Peer 1: 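Before we start, here is the structure in question, set down as structure tokens.
For the single chain, residues carry numbers from 1 onward in sequence order. Quick caveat: nothing in here was measured; it's all calculated off a predicted structure. Whatever order the structure lists ligands and atoms in, that order sets their numbers, starting from 1.
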Amino acid sequence: MSSIKSGSSDGIKLKKELGLIDGVGIIVGVIIGSGIFVSPKGVLMSAGSVGFGLIIWILSGLLSMIGALCYAELGTMIPKSGGDYAYINESFGPLPAFLYLWVGLLILVPTGNAITALTFAQYILQEMWTCTPALQYGAVRLLAALVTCLLTFINCYNVKWATRVQDIFTGTKILALVMIIASGIYMMFTTGFNVFSEKAMEGTRTEPGYVALAFYSGLFSYSGWNYLNFVTEELKDPYRNLPRAIIISLPLVTVIYVLTNLAYYVVLTKEEVLKSPAVAITFGDKVFGSMAWTIPFFVVCSTFGALNGAIFASSRLFFVGARQGHLPQAIALINVNYYTPVPSLIFLCVMSIVYLLIEDVYILIDYVSFVEALFTLMSVCGLLWLRYKNPQANRPIKVNIILPILFFVICIFLVTLPCYVRPMEVGIGLLIIISGIPVYYIFIEKRAPFLDRIGDKFTETCAKMFMCVLQERKDS
Ligand SMILES: *[C@@H]1O[C@H](CO)[C@@H](O)[C@H](O)[C@H]1NC(C)=O
């Protein structure tokens with residue numbers, strides 16, 4: 001296979017092209033998708049009152065910040081791309097790491113991408129065009145597939161373009177939310193509305209079950225804070241920029257989320273928020289008048305940016321998995337002209353489009369939150385385990401031990417709650433995870449030589465087709 005190894009003495013590697021702003025763009029851009037515009041009501045429904053809902057939003061932001069700080073320690077201690085995959089590998093060995101890759105491949109990544117792309121397509125077509133539901137259904141899927149291909153192409157062609165897209169669209173969504181916040185503040189002064197009246201706490205539900213569900217929705221709205229850890233190797237000066245990007249992004253998202261919710265409640269009553277199919281649009285209709293069309297436009301921009309960030313980051317997860325020998329080696333190839341993981345991006349694109357064909361892809365979201373929580377629990381367990389097993393290791397960022405312990409408890413809660421609320425989904429989720437074990441033993445551990453030969457042929461074919469080489473393995 002020497003022909004596909006890179007010849008030059010430097011070796012071909014993914015370049016370090018991401019600065020601090022790009023890092024913030026990825027974290028904020030991936031966390032803020034369409035949720036805050038479309039359905040920020042999960043928290044409200046369980047919290048019961050506006051005031052208590054806002055408290056849950058603030059606390060969820062703080063708890064996510066704690067999780068992200070733990071990942072700052074992990075990411076600077078193990079400065080490898082792949083995020084959770086690399087940390088689980090380092091702490092618990094290759095099999096659990098493979099299982100993370102397995103569910104990432106089967107559920108987490110393609111489901112997330114498909115749903116983001118569908119939201120994008122729905123909001124574009126809703127505005128431009130009405131027709132029969134059947135035609136609309138097909139058109140939405142087609143447009144979702146097209147946008148996935150377009151962003152895959154940009155990501156294949158140039159890392160700089162992909163990060164530029166990310167920065168611009170993250171900027172746009174922050175601008176949109178600042179617009180909503182500003183008009184909320186304006187309305188507050190003109191109508192004399194007082195959010196902090198005693199009525200704000202009316203209807204608060206303090207039963208532990210409801211509080212737990214409210215937190216569950218709240219924390220889910222912040223998910224995505226670990227995405228920058230997927231691309232650690234491409235960060236310039238990762239020891240500084242990874243923790244900094246985390247420390248800037250999470251408070252920023254928390255403040256934006258809380259103020260946007262406040263703005264909604266200045267204009268809309270609790271009942272209106274609960275009834276609205278898309279809260280920001282109801283808000284825009286009331287406040288922006290003839291400019292109300294800007295809101296769907298911003299939802300489109302926001303999902304476009306979120307999809308770009310997710311494609312960029314998760315392609316690196318599969319790339320790293322293949323480099324490790326956990327996926328066909330072809331996925332670890334790098335294009336010699338553009339320095340991008342073209343086969344991994346194309347593979348991810350195909351997976352996402354397959355998921356677009358599933359009629360009820362939204363159902364899969366119930367598995368996503370549980371499975372994601374389970375592996376986050378494993379990563380933070382890994383942090384605690386490495387502190388014990390390897391106390392002298394170099395940790396450029398070392399958080400107070402209370403933080404990972406606290407976050408560990410939160411993860412336990414996030415994992416056990418669905419066992420009561422959705423035992424079916426938890427069971428199936430676990431089955432999908434376990435199904436990776438025989439796959440691991442058959443295809444990776446005890447791989448028959450003939451599989452290797454097929455793999456080599458396939459790698460060579462892909463290398464020629466996409467003008468790629470494998471990264472030299474001399475780096476530590
Ligand atoms: C997984 O762990 C092994 C052994 O510690 C190490 O050689 C390998 O580089 C790790 N892989 C990743 C992707 O972190």
Side-chain angles (χ1 to χ4, degrees), residues 5-6 11-16 18 70-106 108-109 226-235 238-239 242 312-334 339-341 343-345 347-348 372 374-397 433 436-437 439-441 443-447 452 455 459 468-476:
K5 289 269 161 60
S6 63
I12 293 250
K13 284 210 271 190
L14 300 182
K15 289 184 176 166
K16 290 185 176 291
L18 307 186
C70 296
Y71 274 57
E73 171 171 332
L74 283 167
T76 47
M77 181 190 175
I78 307 165
K80 289 182 182 165
S81 288
D84 301 69
Y85 173 72
Y87 314 145
I88 292 171
N89 171 58
E90 208 71 36
S91 328
F92 304 117
L95 176 61
F98 172 77
L99 294 179
Y100 177 73
L101 201 62
W102 177 246
V103 292
L105 191 80
L106 282 185
L108 301 180
V109 173
N226 58 342
Y227 266 64
L228 190 59
N229 291 56
F230 287 145
V231 300
T232 313
E233 287 167 32
E234 285 169 78
L235 277 170
Y239 299 110
L242 181 70
F312 181 82
S314 47
S315 64
R316 273 53 176 180
L317 170 64
F318 299 131
F319 170 81
V320 172
R323 196 172 63 180
Q324 178 73 23
H326 283 174
L327 287 176
Q329 199 172 36
I331 294 174
L333 290 166
I334 301 171
Y339 293 89
T340 52
S344 178
L345 282 157
F347 170 69
L348 178 57
E372 210 162 39
L374 189 62
F375 282 97
T376 307
L377 173 68
M378 210 187 266
S379 296
V380 74
C381 252
L383 188 158
L384 292 168
W385 171 241
L386 290 175
R387 282 272 185 110
Y388 169 76
K389 195 183 73 168
N390 206 348
Q392 301 308 328
N394 180 28
R395 291 179 175 83
I397 302 271
I433 297 174
I437 297 177
V439 175
Y440 180 79
Y441 281 107
F443 289 99
I444 293 153
E445 199 57 10
K446 305 225 174 305
R447 169 168 47 197
D452 272 340
T459 310
C468 291
V469 294
L470 286 171
Q471 180 179 330
E472 207 104 55
R473 272 301 187 79
K474 60 174 185 174
D475 56 334
S476 59

Peer 1: For Asn89, is at least one N or O under 3.5 Å away from an N or O on ligand 1?
Peer 2: yes
Peer 1: Which residue and atom name correspond to the protein heavy atom nearest atom 9 (O) of ligand 1, and how close is it?
Peer 2: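 Heavy-atom neighbour on the protein nearest atom 9 (O) of ligand 1: Lys80 NZ, 3.3 Å.
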Peer 1: Counting distance only, does the side-chain N/O of Thr232 pair as donor-acceptor with the main-chain N or O of Gly75 below 3.5 Å?
Peer 2: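 No; zero donor-acceptor contacts below 3.5 Å.
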Peer 1: Under the salt bridge (Lys or Arg N to Asp or Glu O under 4.0 Å) rule, collect the residues that match up with Glu234, sequence neighbours excluded.
Peer 2: Arg316
Peer 1: May I ask you to check whether over 12 heavy atoms, not counting those of Phe92, lie within 6.0 Å of atom CZ?
Peer 2: yes
Peer 1: Quick one: nearest non-hydrogen protein atom to atom 5 (O) of ligand 1, plus distance?
Peer 2: Glu90 OE2, 4.2 Å
Peer 1: Please report whether atom 7 (O) of ligand 1 has a protein non-hydrogen atom at a separation of less than 4.0 Å.
Peer 2: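 No, there is no protein heavy atom closer to it than 4.0 Å.
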Peer 1: Would you mind writing out the side-chain donor-acceptor pairs for residues 377-387 within the sub-3.5 Å range, not counting sequence neighbours?
Peer 2:
| residue | atom | partner | partner atom | Å |
| --- | --- | --- | --- | --- |
| Ser379 | OG | Tyr71 | OH | 3.3 |
| Ser379 | OG | Asp84 | OD2 | 2.9 |
| Ser379 | OG | Phe375 | O | 3.3 |
| Trp385 | NE1 | Ser91 | O | 3.4 |
| Arg387 | NE | Glu73 | OE2 | 3.0 |
| Arg387 | NH2 | Glu73 | OE1 | 2.7 |
| Arg387 | NH2 | Glu73 | OE2 | 3.4 |
| Arg387 | NH2 | Val399 | O | 2.6 |

Peer 1: Taking Glu90 first and then Lys80, would you say they form a salt bridge - that is, a charged N and a carboxylate O separated by under 4.0 Å?
Peer 2: yes
Peer 1: Looking only at protein heavy atoms, which one is nearest to atom 13 (C) of ligand 1, and how far off is it?
Peer 2: Gln324 OE1, 3.4 Å
Peer 1: How does Val320 reach ligand 1, by side chain, by backbone, by both or by neither, if only non-hydrogen atoms under 4.0 Å count?
Peer 2: side chain
